[in-house]
Structures are given as C-alpha cells and as structure tokens.
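Just below is one structure, and these are the notes that go with it.
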Amino acid sequence: MNTFDVEAVRRDFPILERTFDGKPLVYLDSGATSQKPAQVIEAESAFYRLHNANAHRGIYTLGEEATEAYEGARSRIARFFGVEDASRLVFTRGTTESINLVAYGWGRASLGEGDEILITEMEHHSNIVPWQLVAQATGARLRYIGLTDDGLLDLSNLGELLGDRTKILGVTAMSNALGTITPLKQLVDAAHAVGAIVVVDAAQAAPHMPLDMDGLEADFLAFSGHKMLGPTASGGLLAKRELLDRLQPMFGGGDMIREVFHDHATWNDVPYRFEAGTMQVAQQVGLAAACDYLDALGMEAVRAHEVEITRYAIDRLLEAGAVVYGPKDTDIRGGTVSFWYHDIHPHDLATILNEEGIAVRAGHHCAQLVMRRYGTPATVRASFYVYNTNEEVDLLVASLARAGDIFAS
Amino acid sequence: MNTFDVEAVRRDFPILERTFDGKPLVYLDSGATSQKPAQVIEAESAFYRLHNANAHRGIYTLGEEATEAYEGARSRIARFFGVEDASRLVFTRGTTESINLVAYGWGRASLGEGDEILITEMEHHSNIVPWQLVAQATGARLRYIGLTDDGLLDLSNLGELLGDRTKILGVTAMSNALGTITPLKQLVDAAHAVGAIVVVDAAQAAPHMPLDMDGLEADFLAFSGHKMLGPTASGGLLAKRELLDRLQPMFGGGDMIREVFHDHATWNDVPYRFEAGTMQVAQQVGLAAACDYLDALGMEAVRAHEVEITRYAIDRLLEAGAVVYGPKDTDIRGGTVSFWYHDIHPHDLATILNEEGIAVRAGHHCAQLVMRRYGTPATVRASFYVYNTNEEVDLLVASLARAGDIFAS
Amino acid sequence: MALDDIYKEVILDHYKNPRNKRDLPGAEVSCTRNNPLCGDEITVFAHVDDGTVAELTFQGAGCSISQSSASMMTEAAAGRTVDQTLELAGQFRGMMAGEVEPDDDRFGDLVALKGVVKYPIRIKCAVLAWDVLQEALQDTGRATGAQPHAVG
Amino acid sequence: MALDDIYKEVILDHYKNPRNKRDLPGAEVSCTRNNPLCGDEITVFAHVDDGTVAELTFQGAGCSISQSSASMMTEAAAGRTVDQTLELAGQFRGMMAGEVEPDDDRFGDLVALKGVVKYPIRIKCAVLAWDVLQEALQDTGRATGAQPHAVG
Ligand SMILES: Cc1ncc(COP(=O)(O)O)c(C=O)c1O
Ligand SMILES: Cc1ncc(COP(=O)(O)O)c(C=O)c1O
C-alpha cells in the first residue's frame with residue numbers, strides 16, 4: 001500500500017463502531033493493548049470451527065491440520081521479524097513470559113557473584129523485576145543505565161557501566177512511558193564487545209516499526225501479540241539459534257521432553273523443549289493473521305502514519321500548554337505520548353476524557369522508575385496506532401480544555 | 001437437563017460438520033483437547049469485537065468492561081469448582097503452567113535435603129517433570145506410588161511412602177492414559193495427616209465429572225480450559241487462600257507488583273501477584289462461557305453420559321478382542337480408553353482409523369511411566385466427551401476389523 | 001452532565017485546600033499505602049488517646065478523589081472513638097459499594113463522594129485513605145505500615 | 001483405496017520379517033534415537049571398515065513404517081561407502097519430502113515407502129532409522145549415541 005488509507009483500516013476494526021453515551025470510541029490506549037481487526041478475530045475462531053486439535057500429538061488428519069496451522073504460524077511470525085529459521089521462535093504468552101524465560105533459563109542458570117546485569121531506568125517492570133529476582137537468587141549485581149532530562153538513555157557513562165562483568169544487557173527498543181526509540185544497534189555492539197548477551201524488549205517496537213532481528217544482532221527479542229493486532233495470549237521469544245541450544249527449559253511437562261524416567265527426563269528439540277503443555281495454538285494462528293495484516297499495510301507505512309499523527313499530537317498538546325515527556329523529535333520516538341495538562345491529576349483527566357468517549361491511560365504505565373526519575377507519580381498517556389486519526393487528536397485536545405474549565409472553577 | 005440430548009449438543013459444535021473424504025469426523029481425542037461449542041467461540045470473539053482493552057489498567061469505560069469481563073470470568077470459573085472466593089483462582093495457560101507455578105513458588109521455595117515429594121506412576125509428564133526439576137534443584141527426594149496390574153494406584157505400601165518427610169503429594173484425579181479415577185479424598189486425608197500439601201492434577205477430571213475443590217480439601221488444583229470446551233490458553237490453579245498467601249511468585253513483571261524500586265519490588269495482592277504481564281483475557285472469558293455450557297448440561301449428566309458410552313465402548317472392544325488398559329469398572333474410571341487391537345501397532349491402527357474419519361490418539365500420551373509399567377511403548381486411546389455417541393463407538397469397532405484384515409494379509 | 005456528580009465543588013475545594021494535611025510528630029499510629037494501579041499514596045497519622053482518635057492528619061499525593069477523601073476523612077473521624085471510626089469506615093465503604101444510604105450528620109462533606117459510585121474504577125481512589133486508616137488503627141504495633149511482602 | 005499406498009505388501013513383509021534385526025557385537029558405530037511423539041525407537045549398529053559400511057544391523061520397536069524402513073535400510077546401505085550411504089540417506093529424505101523421484105536401482109524395496117508421503121505425520125516414522133544411521137556415521141566417537149541434554 002502506498003498511501004495509508006486510515007478509513008479503510010478503521011472499517012476492519014469492529015470495536016470502533018462502539019459508542020459511549022452516543023459518542024464514538026476514541027481509542028488512544030494501543031500502548032496497553034491494540035484492538036483487533038476482523039481478520040484476526042476470524043482467524044482464531046476459524047481455527048476452532050475447522051481445525052481444532054492438539055498440535056504435535058494426533059496422527060489423524062485434524063491433528064495434522066492443527067500442527068500445520070501452529071507451525072505455519074511460527075514460520076509466519078518469525079518471518080515478520082526477518083527470521084527464516086522458525087525454530088528460533090519460542091511461543092509464549094507475551095513479552096513478560098518471554099523475558100522471564102530468559103531470566104530463568106539463562107540468568108539463573110549461568111550467573112553468579114561478581115556477574116552483572118545491566119538494564120535501563122526506562123524499562124517496563126517486565127524487564128526489571130525478573131532481573132531483580134535473578135540478582136537475588138544468584139548474587140549477581142543489577143545496574144542501571146540512567147536517563148537524560150530529555151527522556152533519552154544517558155550513555156555518557158556507558159563505558160563505566162558496561163564491562164567484563166556484564167553478562168546480560170536488557171533494554172527496551174521503545175519506551176512505553178516516554179515513546180523513546182533507543183539506539184539499539186549501538187548498545188548491542190557495545191554489549192557484544194564485552195561478551196554480554198542482549199535481551200531486547202520489543203513489546204512496543206514490534207507493533208509500530210520495522211524490526212529486523214538479525215540486522216540488530218539481538219540475542220533474544222521478546223514481543224507480545226496482543227499489542228500488534230493479535231489475540232491476547234499470543235507472542236514469543238526470538239533468539240539466535242545457538243543460544244536456544246544453551247538455554248535451559250523453565251517449565252517441565254508434556255511435549256517438552258524426549259524421554260521420561262523415574263528420576264530424570266531428556267529434552268525434546270529446540271524450540272519444543274521450551275513449550276511445555278498445551279500451548280496457545282488458536283492464538284498464535286490469530287497472530288499470524290495479524291502479521292499478514294501488518295505486512296499488507298507495510299511496516300514502513302505503519303511507522304510513517306504514526307510519525308505523522310504523533311507529530312501532530314505533540315504540536316497540538318504543546319500549543320494547548322501540556323507538558324510532554326520524552327523526546328519531541330519523531331525520528332527518535334514512537335506514538336506513545338505521555339503528558340500532564342496543567343496540574344490536573346492524570347486520573348482526573350482520564351475520567352473527564354472518558355466522558356467524551358476518549359480512552360487514554362493514566363498511571364505509572366508499569367514504569368515506576370521513569371516516573372520517579374521525572375518526579376511524577378503518573379502521567380496521562382495517549383498512544384496511537386494504525387486506526388487513529390488527526391481528528392481524534394483534535395478531539396483529545398478540545399476535551400483537555402474542558403477539563404481545564406472544571407478544575408479552574 | 002434431565003435426559004442428555006446428545007444430538008442437540010452436537011449441533012452446538014461447528015467442527016462436527018467437517019467431513020474427510022466424505023466421511024464425517026468422529027472425534028475421539030477429547031482427552032488431548034476438547035472441541036468448542038459455538039457459544040464459547042462467540043464469547044471469545046465478542047470480547048474482541050466489543051470489550052477489548054487491557055484489564056486492570058484503563059480508567060476508561062472500555063477498560064472497566066474488560067476488567068469486569070476478566071474478573072467476572074474468574075468468579076464464574078471458580079464457582080464451577082464450588083469456590084466462592086474468586087481470589088483463590090490464579091489464571092494460567094493450563095495444567096502444566098499451574099503445576100509449574102506450585103513447583104517453583106512452593107517446591108523450590110521451601111524444600112531441601114531430607115524432604116520428599118511423592119507422586120504416582122500414573123501421572124502425566126506435566127506432574128512428573130516439574131517435580132524432578134524441584135528435586136534436582138533442592139536436593140529433595142522424589143518418590144512414586146506404584147500401580148497395580150489392574151491400573152489402580154497401589155496403596156499397599158502407602159504407609160511406607162508417605163511420612164513426615166513428605167512435603168508434597170502430587171496426584172492426578174483421573175489418569176489420561178488409563179482412565180482411572182483415583183481415591184483422592186483418601187489420599188488427601190493421608191497426606192494431611194503427615195503435614196504434606198496435595199497438588200491435584202485435574203486436567204482430565206475437571207471436564208468430565210463434578211469436582212468440589214473444598215469437599216476434596218485439596219491444597220492446589222490445576223486444570224486446563226482447552227480440555228473442558230474452553231479456548232486454548234485458558235485455565236488456572238485453584239488453591240486454599242492461606243497457601244496462596246505463602247506461595248512465592250514465579251514471574252516478575254507488570255501488574256504483579258505494588259511498587260518497584262531499583263533494587264527490589266513489593267508484590268501486589270493475591271491472586272494478581274501471580275499474573276505477571278498481560279494475561280489471556282479473552283480466553284478466560286471464553287472459558288467462563290464453557291463453564292456456563294457445562295453447568296447447563298449439568299456435570300452429573302455429563303458424567304452419566306460418559307459412563308454409558310464408556311461402558312458400551314469397553315464391552316464392544318473386549319468383544320472384538322482388544323486388550324483394554326486400566327479398570328473396566330466405570331465407577332472408577334472416566335471415558336478415556338487405552339487399548340491394543342491384536343498386535344497392530346497403535347500408529348498403524350490410528351492411520352487406518354483416520355481413513356474412516358476417526359480421530360484417535362496413538363502414543364505414550366505423555367505418560368511414559370505408565371507405558372513402561374505395562375510393558376508397551378504406546379497404546380491407541382479413544383476418549384469420549386459430551387458430543388460422542390454409541391454409533392461412533394460402533395464405527396470405531398467396525399474399522400478395527402478392517403485394520404485386522406490389512407495386517408493379517 | 002455526569003461529571004457534575006464526581007467533580008462537585010466541595011470535592012475540588014478539599015482537593016485544592018486539603019484539611020489536616022501535615023505530619024504529626026509523635027503519632028502513636030501511622031500507616032502508608034498506595035494504589036498499585038495508579039501510584040496514589042496516602043499516609044495517615046493519628047494520636048490515639050484512651051481509645052479515642054484525638055488527632056488525625058494525612059500526607060499524600062494523587063488525584064482529586066483520593067486526596068479530597070483523605071481530607072474529608074480527617075474531619076469526619078477526629079474525636080471519635082477507635083470503634084466509632086472503624087464503624088464509620090465500614091459505612092463509607094458501604095456507601096461506595098452503593099449499599100448504604102449516606103447520612104449527612106455522620107458523613108459531613110463525605111456525602112459528596114457518593115457520585116463516584118458511578119465510576120467504578122475511581123472507587124478505589126475514594127476508599128484508599130480509609131484503607132490506610134483502618135489498617136493503622138487495627139495494627140497499632142507497626143510503625144512503618146502496610147507494605148506487604150517485600151522481596152529479598 | 002488410499003491405504004494401499006502405505007500398507008503395501010513389501011512394507012508389511014519387512015515389518016513381519018525384519019532383515020538384519022540383531023545386535024552386532026564389536027560394532028564400531030552405534031546410535032539410538034527415539035521419536036518423542038510416539039516412542040518408536042531404533043538402534044543402529046555398523047561395522048565400518050576402511051570407509052565402507054561392511055555390516056549394518058538394527059534393533060528397535062515401533063510401527064510398521066519405522067521398523068520396515070529400518071529393515072530396508074540395512075539392505076540398501078550395507079556394502080556402500082560411508083559417503084555413498086550418507087548420500088543415499090539424503091536422497092531418501094528427498095523422496096520423503098516429495099522432492100526426489102526414487103530410483104529403483106539404488107533404493108530397492110525402499111521405493112515402497114514413497115506412499116507415506118501422503119501421510120505427513122508418518123514421514124517421521126519412515127526417516128527415523130535414517131536419522132539414527134546418519135548420526136551414527138557422522139559421530140563415530142560416541143558409543144551410546146544421541147540422547148541430547150540429559151537432566152541432572
Ligand atoms: C492428566 C493430565 N495432566 C496434565 C495435562 C497437561 O495439560 P496441558 O497440556 O493443558 O497443560 C494433561 C493433558 O494433556 C493431562 O491429561
Ligand atoms: C515496553 C514494554 N515491555 C513489556 C511489556 C509487557 O508486555 P505484556 O504485558 O504483553 O507481557 C509492555 C506492555 O505493557 C511494554 O510496553
């Protein structure tokens with residue numbers, strides 16, 4: 001698609017027909033979870049209606065169809081990230097489970113006293129708490145890359161933070177609280193130079209910009225299907241193949257084993273040894289349909305659409321007197337815009353916007369370290385996706401004025 | 001419902017309209033995963049079309065609807081097991097994840113040298129391998145309750161196996177390889193008498209018979225939604241409330257925390273502290289619809305229907321000269337019938353049955369210890385559910401004869 | 001307009017001009033709690049003298065609902081016995097659950113919060129201060145309050 | 001009837017009367033592998049002499065496809081050089097992927113397994129013996145074979 005036809009896109013999303021007290025839904029919380037196009041909803045339910053069986057287990061035709069659907073989804077989703085070898089994709093419920101898998105299967109299994117894990121203050125709790133637990137269990141030290149006043153990673157002391165002791169670098173590709181796109185390639189190169197592996201949190205980046213797993217040379221990359229038009233419970237962990245061979249399984253159970261004896265078991269091949277028990281088969285099939293949908297739009301076009309709307313939103317918000325967090329330059333930020341309007345508490349603002357049908361998030365966005373860094377307990381966050389329009393931004397800004405009236409009175 | 005109207009039930013399952021080479025699907029693999037009624041498929045997709053948002057996060061109306069749907073599902077599903085306090089239900093992807101949660105959060109957190117974990121040779125790998133990993137990590141000893149020649153638990157030496165050192169008893173409520181219903185209440189009482197907690201694997205029992213969590217006095221009970229008419233990725237872990245207060249979280253991440261600092265975090269309330277990251281919201285909503293469906297049929301009626309068909313199937317199979325594993329008495333077994341027909345290898349038999357549209361499972365059913373106990377690498381397994389009929393059993397038995405012809409030639 | 005139900009003048013007044021918002025040196029009782037969803041935080045301090053809440057103050061940060069509720073609470077509860085205060089907390093909770101008809105005499109300005117019932121997700125904001133107070137009074141032994149289950 | 005494609009007489013014959021199904025004392029090369037899905041298991045033993053597979057036997061248990069394939073393999077591969085054997089393995093795999101047209105001369109009875117291509121899930125059964133052989137020949141150092149990643 002050359003020009004991005006947002007009206008055509010909107011027609012694919014049944015939920016956008018919802019109204020609240022007569023006011024159409026203005027959904028500006030795609031950073032939390034995206035809405036789903038009819039194509040994805042249908043792919044998941046068609047699986048149940050036509051091909052449902054347990055994957056990898058049945059010798060009968062239906063079982064083969066289910067296995068093909070599931071493994072076909074694996075190939076399709078891996079390809080969305082430029083990965084041809086589907087065995088490099090481990091299915092999980094999403095980013096949080098993916099990062100925990102690395103934390104258990106690599107972090108706990110290999111770190112010890114004297115080792116260091118380096119993450120950033122920009123991380124979502126899902127890329128912080130698992131490493132705190134690893135540090136507590138192993139004696140490794142958890143360190144942080146700080147933030148600049150502009151909402152960027154402060155790399156001025158990277159040489160001091162990243163060294164021979166650093167075994168793992170965990171970093172988000174795009175901040176869910178600030179919108180910041182991080183200089184991943186530079187960080188990956190620096191980490192590899194000291195022998196650390198890099199775990200990329202792509203929860204926010206994957207839905208919104210082209211990502212090339214191998215171009216980045218990331219070691220592990222975690223993503224959530226539900227944020228990229230896919231069903232809840234879909235998502236995965238991409239990895240370099242040789243690292244998966246060394247990763248320890250986290251869960252024991254069915255399908256991840258080769259043989260089970262009374263006192264021990266042997267593991268199945270990669271990636272199956274990481275997928276214990278019945279997996280989210282229908283949901284990964286739905287996510288494959290979401291990848292089809294996004295690739296048909298073109299991830300460059302998706303990004304361009306969001307850059308446009310984000311530029312417009314930041315300009316209008318600043319005009320209206322809002323304080324916008326994170327970088328203002330759309331070259332280095334995504335469509336997640338955190339702000340304060342006057343001194344109206346984010347909760348109050350969100351409640352008032354909701355009366356106009358506008359759904360924004362108010363809170364710490366699972367990024368309390370970011371909030372603390374910028375001295376606020378919470379922000380309002382508007383986050384944009386393929387179905388949002390500049391008119392929706394206008395509505396948002398007009399409603400801010402109304403909130404201002406209430407609190408000025 | 002007083003009389004069980006299987007034809008009415010069948011009309012609710014769209015997949016039963018499938019044919020293979022003109023032959024209607026005869027689905028006899030519900031032990032692996034059940035088919036889904038239209039009501040469940042619709043509940044999940046209606047959530048996406050109408051109420052999709054991230055639960056527990058949004059201040060806006062859609063977010064409240066999503067939270068209500070998700071927490072409403074929690075209450076509904078807990079009630080299916082007779083549990084009124086919904087906070088006793090932790091959502092997971094299914095039985096395997098649930099058991100692993102106990103293995104990590106209780107087993108690894110509290111066991112050590114000198115402690116013992118007692119399980120049975122009848123367990124599914126999902127209730128074996130997690131405990132092997134606990135034993136290896138903690139130095140605890142893993143012991144087994146053996147099996148009798150009839151496919152029952154051999155409790156003759158229970159007094160020797162279960163003692164002060166036993167900290168955890170893991171036991172299935174119904175065997176997926178033999179059909180055996182275990183004497184749970186007796187085992188729970190015996191375990192509690194020595195101070196051990198009991199982890200019940202209800203993957204097979206929950207779909208097929210009434211289960212009363214508190215009547216059983218089970219400490220933890222794990223189940224899978226996909227086996228009880230629900231979506232893939234739905235399911236959970238039920239527990240005594242005071243045990244959840246002591247269970248350690250397994251995954252770190254968003255929503256499971258109260259506050260996050262650089263070096264540590266504090267936990268959210270039970271059960272949220274066990275639900276890190278975005279959960280399978282739409283799927284649990286679908287599972288709630290499955291509970292509605294099953295309760296409308298009545299679990300006593302479901303069980304009675306399956307007893308009838310199982311009785312019929314065992315009689316016909318024995319007549320045909322098949323060797324049936326596990327107990328023959330339908331009072332102490334469910335509708336999962338493992339057998340050998342003459343000396344035709346289960347794989348071959350399954351392939352031949354598949355030509356008639358019959359879907360049975362052939363293999364070790366993730367129960368290699370059972371297979372080894374009875375000296376076979378695999379069995380054919382037919383497993384019945386609400387939509388199966390005696391006519392389907394007739395078709396199965398007629399097709400066996402055909403397989404006999406091929407291999408006799 | 002529905003918003004009038006929640007953003008009443010008296011609420012905004014308590015929010016902008018909170019009563020009894022200060023530390024209370026030598027308080028026998030104090031407790032801090034936050035709302036994990038949003039980060040609203042309230043600390044309550046009380047002098048408890050012979051079974052009576054002699055003095056009650058708070059500190060905190062958060063939205064208009066959580067902060068005005070705390071401010072109103074300090075006015076409504078001070079001077080009551082501990083038992084009376086806990087009873088009032090129960091009645092306030094009942095009002096926020098839509099189960100108890102508020103009674104102007106006992107509730108005073110708190111009656112204004114009734115409109116929040118229509119905004120389910122904000123109810124937690126309104127009751128936060130009461131949670132903290134209840135915990136503080138039930139648990140006079142602990143000085144630093146109710147942070148449960150710290151890691152490590 | 002489609003089943004004729006898979007349960008051909010020659011397959012059933014090799015299944016019921018397996019060739020070279022025995023241990024091979026003093027074998028330079030041996031390897032065991034199973035199919036985790038179904039538990040089929042094959043062990044391959046070979047005398048490798050001066051780069052040639054001088055003698056080839058197997059042991060195992062499983063379905064007609066896995067066992068007949070092993071039996072046919074021992075006939076087809078014995079006497080070839082290691083390189084020729086590995087090449088044959090590649091061609092057999094190609095046939096089972098539907099990519100290589102089988103050649104009667106080289107394949108002998110193995111041609112009969114072509115019908116299994118229509119039964120995707122059974123293809124693993126047909127290639128199991130070849131997986132084991134390939135692993136055994138590539139990896140003459142290891143005696144006990146290819147059980148990967150044992151726990152503990
Ligand atoms: C008795 C039993 N336990 C555990 C499991 C594992 O359940 P799931 O694959 O849904 O995690 C199964 C299903 O295969 C089972 O039958
Ligand atoms: C940057 C980032 N990381 C991790 C997560 C966690 O993703 P999930 O909740 O899908 O596990 C999120 C989403 O909330 C996110 O925005």
Side-chain angles (χ1 to χ4, degrees), chain A residues 14-15 18 20 29 32-33 35-36 41 45 48-50 52-54 57-62 93-97 100 124-126 128-130 132-133 144 224 226 231-233 251-254 257 259-260 262 264-265 276-278 280-283 347 350-351 354 359 361-362 366 368-369, chain B residues 14-15 18 20 29 32-33 35-36 41 45 48-50 52-54 57-62 93-97 100 124-126 128-130 132-133 144 224 226 231-233 251-254 257 259-260 262 264-265 276-278 280-283 347 350-351 354 359 361-362 366 368-369:
Chain A
I15 207 166
R18 283 278 319 255
F20 297 90
D29 196 21
T33 196
Q35 296 303 339
K36 323 297 175 202
I41 301 172
S45 65
Y48 294 129
R49 287 198 318 272
L50 299 172
N52 179 65
N54 214 320
R57 303 233 169 93
I59 289 188
Y60 46 86
T61 307
L62 201 63
R93 178 164 50 228
T95 306
T96 302
E97 187 179 355
N100 277 278
H124 186 280
H125 295 161
S126 291
I128 298 175
V129 183
Q132 290 179 341
L133 295 173
Y144 287 87
S224 299
H226 71 94
T232 54
F251 286 155
I257 56 89
E259 277 192 282
V260 173
H262 281 78
H264 76 288
T278 304
Q280 42 272 48
V281 182
Q283 291 71 42
H347 279 190
T351 293
N354 182 50
R361 180 130 175 231
C366 296
Q368 291 184 353
L369 300 188
Chain B
I15 207 167
R18 283 279 318 257
F20 297 90
D29 196 19
T33 197
Q35 295 304 339
K36 323 298 175 200
I41 302 172
S45 65
Y48 293 131
R49 287 198 316 273
L50 298 172
N52 178 67
N54 214 320
R57 303 235 168 92
I59 289 189
Y60 47 86
T61 307
L62 201 64
R93 177 163 51 226
T95 305
T96 302
E97 186 179 355
N100 277 279
H124 185 281
H125 294 161
S126 292
I128 298 175
V129 184
Q132 291 180 341
L133 295 174
Y144 287 87
S224 299
H226 71 95
T232 54
F251 286 156
I257 58 89
E259 278 191 280
V260 174
H262 280 78
H264 77 287
T278 304
Q280 42 272 48
V281 182
Q283 291 71 41
H347 279 190
T351 293
N354 183 50
R361 180 133 174 228
C366 296
Q368 291 183 351
L369 299 189

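Chain identifiers are assigned alphabetically (A, B, ...) following the order of the sequence lines, protein sequences preceding nucleic acid strands; residue numbering begins at 1 within each chain.
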Among [options], which has the most heavy-atom pairs under 4.5 Å with chain B?
options	value
A/Pro14, A/Ala32, A/Gly253, A/Ala276	A/Gly253
A/Thr95, A/Thr351, A/Ile15	A/Ile15
A/His347, A/His125, A/Arg361	A/His125

Do the side chains of [Y] and [X] get nearer than 4.5 Å, heavy atoms only?
X	Y	result
A/Asn354	B/Ile59	no
A/Val260	B/Gln132	yes
B/Glu97	A/Arg93	yes
A/Thr96	B/Thr278	no

So for B/Tyr48, is it side chain, backbone, both, or neither that comes closer than 4.5 Å to the heavy atoms of chain A?
both
[X] and [Y]: which non-hydrogen atoms are nearest, and at how many Å?
X	Y	answer
A/Ala282	B/Thr232	N-OG1, 3.3 Å
A/Ala233	B/Gln280	CB-CB, 3.5 Å
A/His124	B/Gly254	CE1-CA, 3.9 Å
A/Pro130	B/Gly252	CG-O, 3.5 Å

Does any heavy atom of chain B fall under 4.5 Å from the side chain of [X], the backbone, both, or neither of them?
X	value
A/Phe251	both
A/Arg49	both
A/Ile257	side chain
A/His262	both

Reported [atom1]-to-[atom2] distance for the pair [X] and [Y], which is rounded to 0.5 angstrom:
X	Y	atom1	atom2	result
B/Leu50	A/Arg18	CG	CZ	6.0 Å
A/Asn54	B/His226	CG	NE2	6.0 Å
A/Asp29	B/Leu62	CG	CG	9.0 Å

Option in B/Ser224, B/Ala359, B/Cys366, B/Ala362 with maximal non-hydrogen atom pairs under 4.5 Å from chain A:
B/Ala359
So which residue, B/Val129, B/Ile128, B/Thr33, B/Asn52, ends up with the most heavy-atom pairs under 4.5 Å with chain A?
B/Asn52
